[in-house]
S.K.: 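What follows is a single structure, and I will ask about it in a moment.
Atoms considered below: every heavy atom in the structure, side chains included; atoms not considered: hydrogens, waters and symmetry mates.
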Amino acid sequence: MSHSCTIAVIDDDDALRESMKDMLESLGYEAIAFSSASEFLAFHRQCQIHCIVSDVKMPGIDGLQLLEILNSKGVQTPFIFMTAFRDQRLTTAARQGGARGVLSKPIDSDQLVAMLESAVGGDDCGEGTD
(Lines give C-alpha, C1' and ligand atoms only; values in the text may rest on other atoms or scores of the structure.)
Protein backbone atom coordinates (compact mmCIF):
# COMPACT_ATOMS: atom_id res chain seq x y z
CA MET A 1 0.00 0.00 0.00
CA SER A 2 1.51 3.34 -1.04
CA HIS A 3 0.47 6.71 0.34
CA SER A 4 1.49 10.14 -0.79
CA CYS A 5 0.96 11.45 2.73
CA THR A 6 3.42 12.97 5.15
CA ILE A 7 2.69 12.26 8.81
CA ALA A 8 4.36 14.23 11.62
CA VAL A 9 5.11 12.18 14.74
CA ILE A 10 5.72 14.27 17.87
CA ASP A 11 6.82 12.52 21.06
CA ASP A 12 9.53 13.18 23.63
CA ASP A 13 10.11 9.42 24.07
CA ASP A 14 12.90 8.55 21.59
CA ALA A 15 12.07 4.85 21.34
CA LEU A 16 8.34 5.37 20.85
CA ARG A 17 8.87 8.18 18.34
CA GLU A 18 11.24 6.10 16.23
CA SER A 19 9.09 2.96 16.38
CA MET A 20 6.02 5.00 15.36
CA LYS A 21 7.99 6.51 12.46
CA ASP A 22 9.12 3.03 11.38
CA MET A 23 5.56 1.66 11.62
CA LEU A 24 4.16 4.50 9.50
CA GLU A 25 6.88 4.07 6.88
CA SER A 26 6.20 0.31 6.75
CA LEU A 27 2.58 1.21 5.97
CA GLY A 28 3.74 3.37 3.05
CA TYR A 29 3.47 6.80 4.64
CA GLU A 30 6.28 9.32 4.74
CA ALA A 31 6.93 10.09 8.39
CA ILE A 32 8.88 12.93 9.96
CA ALA A 33 9.70 12.63 13.66
CA PHE A 34 9.97 15.51 16.14
CA SER A 35 11.08 15.31 19.77
CA SER A 36 8.97 18.28 20.90
CA ALA A 37 6.09 20.52 19.89
CA SER A 38 8.56 23.42 19.66
CA GLU A 39 10.70 21.49 17.18
CA PHE A 40 7.60 20.75 15.10
CA LEU A 41 6.44 24.39 15.17
CA ALA A 42 9.85 25.54 13.94
CA PHE A 43 9.61 23.10 11.01
CA HIS A 44 5.96 22.63 10.04
CA ARG A 45 5.78 25.29 7.32
CA GLN A 46 8.74 23.80 5.44
CA CYS A 47 6.73 20.96 3.87
CA GLN A 48 3.13 19.83 3.61
CA ILE A 49 2.05 17.76 6.61
CA HIS A 50 -1.13 15.73 6.03
CA CYS A 51 -1.65 14.53 9.61
CA ILE A 52 -0.08 15.06 13.04
CA VAL A 53 0.24 12.22 15.55
CA SER A 54 1.31 13.72 18.87
CA ASP A 55 1.88 12.66 22.44
CA VAL A 56 -0.19 14.59 24.97
CA LYS A 57 2.24 14.93 27.88
CA MET A 58 5.56 16.44 26.83
CA PRO A 59 7.93 18.95 28.44
CA GLY A 60 7.38 22.54 27.34
CA ILE A 61 4.42 22.80 24.98
CA ASP A 62 2.19 19.75 25.48
CA GLY A 63 -0.01 18.18 22.83
CA LEU A 64 -3.21 20.03 23.77
CA GLN A 65 -1.34 23.35 23.76
CA LEU A 66 0.12 22.51 20.34
CA LEU A 67 -3.36 21.83 18.97
CA GLU A 68 -4.55 25.16 20.43
CA ILE A 69 -1.60 27.01 18.83
CA LEU A 70 -2.27 25.45 15.43
CA ASN A 71 -6.00 26.20 15.70
CA SER A 72 -5.24 29.84 16.53
CA LYS A 73 -3.13 30.05 13.33
CA GLY A 74 -5.93 28.54 11.24
CA VAL A 75 -4.00 25.32 10.55
CA GLN A 76 -6.50 22.61 9.58
CA THR A 77 -4.15 19.59 9.57
CA PRO A 78 -5.85 16.49 11.05
CA PHE A 79 -4.54 15.78 14.56
CA ILE A 80 -4.41 12.45 16.44
CA PHE A 81 -3.29 12.23 20.06
CA MET A 82 -1.53 9.33 21.75
CA THR A 83 -1.19 9.03 25.51
CA ALA A 84 -0.44 6.66 28.35
CA PHE A 85 -2.69 8.78 30.60
CA ARG A 86 -6.08 8.65 28.88
CA ASP A 87 -9.11 9.94 30.73
CA GLN A 88 -12.47 11.41 29.78
CA ARG A 89 -11.34 15.00 30.40
CA LEU A 90 -8.48 14.58 27.94
CA THR A 91 -10.68 12.91 25.34
CA THR A 92 -13.25 15.70 25.67
CA ALA A 93 -10.62 18.46 25.42
CA ALA A 94 -9.03 16.78 22.39
CA ARG A 95 -12.37 16.45 20.58
CA GLN A 96 -13.37 20.03 21.43
CA GLY A 97 -10.06 21.16 19.93
CA GLY A 98 -10.83 19.29 16.74
CA ALA A 99 -8.62 16.22 17.18
CA ARG A 100 -9.64 13.13 15.20
CA GLY A 101 -9.10 10.86 18.18
CA VAL A 102 -7.01 9.73 21.13
CA LEU A 103 -5.01 6.50 21.03
CA SER A 104 -3.87 4.80 24.23
CA LYS A 105 -0.26 3.68 24.56
CA PRO A 106 0.89 1.13 23.68
CA ILE A 107 -0.50 2.04 20.28
CA ASP A 108 -2.76 -0.48 18.59
CA SER A 109 -1.63 -0.41 14.95
CA ASP A 110 -5.11 -1.29 13.63
CA GLN A 111 -6.65 1.66 15.50
CA LEU A 112 -3.88 3.94 14.26
CA VAL A 113 -4.39 2.86 10.64
CA ALA A 114 -8.16 3.36 10.91
CA MET A 115 -7.72 6.88 12.34
CA LEU A 116 -5.10 7.79 9.74
CA GLU A 117 -7.24 6.57 6.86
CA SER A 118 -10.17 8.54 8.23
CA ALA A 119 -8.00 11.63 8.69
CA VAL A 120 -6.22 11.60 5.33
CA GLY A 121 -8.73 9.80 3.14
CA GLY A 122 -7.01 6.47 2.58
CA ASP A 123 -4.45 6.44 -0.23
CA ASP A 124 -5.17 9.94 -1.53
CA CYS A 125 -4.08 12.77 0.73
CA GLY A 126 -5.29 15.51 -1.56
CA GLU A 127 -3.99 19.05 -1.56
CA GLY A 128 -4.21 22.00 0.75
CA THR A 129 -4.45 20.28 4.13
CA ASP A 130 -1.69 22.60 5.35
S.K.: Would you say the side-chain atoms of His50 pair up with the backbone N or O of Thr6, donor to acceptor, closer than 3.5 Å?
M.R.: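 Looks like yes, one N/O pair under 3.5 Å.
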S.K.: Should Leu41 and Leu70 count as side-chain neighbours, where that means a heavy-atom distance under 4.5 Å?
M.R.: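 They are in side-chain contact.
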S.K.: So how far is it from Ser19 OG to Asp13 CG, rounded to the nearest 0.5 Å?
M.R.: 8.0 Å
S.K.: Quick one: NZ on Lys21 to CD on Glu30, what's the gap to the nearest 0.5 Å?
M.R.: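 Nearest 0.5 Å value for the NZ-CD distance: 8.5 Å.
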S.K.: Write down the atom of Pro59, the atom of Asp12, and the distance for their closest heavy-atom approach.
M.R.: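 What the structure gives for the nearest pair is CD-OD2, 3.4 Å.
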S.K.: State the CD-OG1 distance between Gln96 and Thr91, to the nearest 0.5 angstrom.
M.R.: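 So the CD of Gln96 and the OG1 of Thr91 are separated by 11.0 Å.
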S.K.: What distance separates Ile69 CD1 from Ser38 OG, expressed to the nearest 0.5 Å?
M.R.: 7.5 Å
S.K.: Can you sort out the partners of Asp110 under salt bridge (charged side-chain N to carboxylate O under 4.0 Å, His left out), two or more places apart, ordered by chain and number?
M.R.: none
S.K.: Not counting sequence neighbours, list each pair that qualifies as a salt bridge (charged side-chain N to carboxylate O under 4.0 Å, His left out) and has a residue in residues 61-82.
M.R.: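 Pairs touching residues 61-82 that pass the test: none.
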S.K.: Could you tell me which non-hydrogen atom of Met23 sits nearest to which non-hydrogen atom of Ser26, and how far apart they are?
M.R.: O-OG, 2.7 Å
S.K.: Name the one of Leu112, Asp11, Val102, Val56 that satisfies side-chain contact (heavy atoms from CB on, under 4.5 Å) with Met82?
M.R.: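 Answer after filtering Leu112, Asp11, Val102, Val56: Asp11.
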S.K.: Looking at every non-hydrogen atom in both residues, tell me the closest pair between Leu67 and Ala94 and how far apart they are.
M.R.: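 Closest pair (atom of Leu67, atom of Ala94, distance): CD2-O, 4.0 Å.
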S.K.: What's the shortest heavy-atom distance between Cys51 and Val120, and which atoms?
M.R.: CB-CG1, 3.8 Å
S.K.: Measure the spacing between CD of Glu39 and CD1 of Ile32 and express it to the nearest 0.5 Å.
M.R.: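 So the gap between those two atoms works out to 10.5 Å.
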S.K.: Compare all side-chain heavy atoms of Leu103 with those of Asp108 and state whether any distance is below 4.5 angstrom.
M.R.: no
S.K.: Quick check against the 3.5 Å criterion: does Arg17 have a side-chain atom that pairs as donor or acceptor with the backbone of Ile10?
M.R.: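 Not a single qualifying donor-acceptor pair exists.
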S.K.: Using 30° and 60° as the class limits, which term best fits the ring planes of Phe40 and Phe34: parallel, tilted or perpendicular?
M.R.: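 Geometry flag for Phe34 against Phe40: perpendicular rings.
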S.K.: Does the distance from a Lys or Arg side-chain N to an Asp or Glu carboxylate O, for Asp55 and Lys105, drop under 4.0 Å?
M.R.: yes
S.K.: Tell me the ring pair (Phe, Tyr, Trp, His ring centres under 6.0 Å) pairs involving residues 56-84, sequence neighbours left out?
M.R.: Phe79-Phe81
S.K.: How close do Gly97 and Asn71 get, heavy atom to heavy atom, and via which atoms?
M.R.: O-ND2, 2.8 Å
S.K.: Would you compute the distance between atom CD1 of Ile61 and atom OG of Ser54 and round it to the nearest 0.5 angstrom?
M.R.: 10.5 Å
S.K.: Closest heavy-atom contact between Arg100 and Ala119?
M.R.: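 Closest approach of Arg100 to Ala119: NH1-CA, 3.4 Å.
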S.K.: Using side-chain heavy atoms (C-beta onward) and a distance below 4.5 Å, is Val53 in contact with Ile107?
M.R.: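 Sidechains of Ile107 and Val53: no contact.
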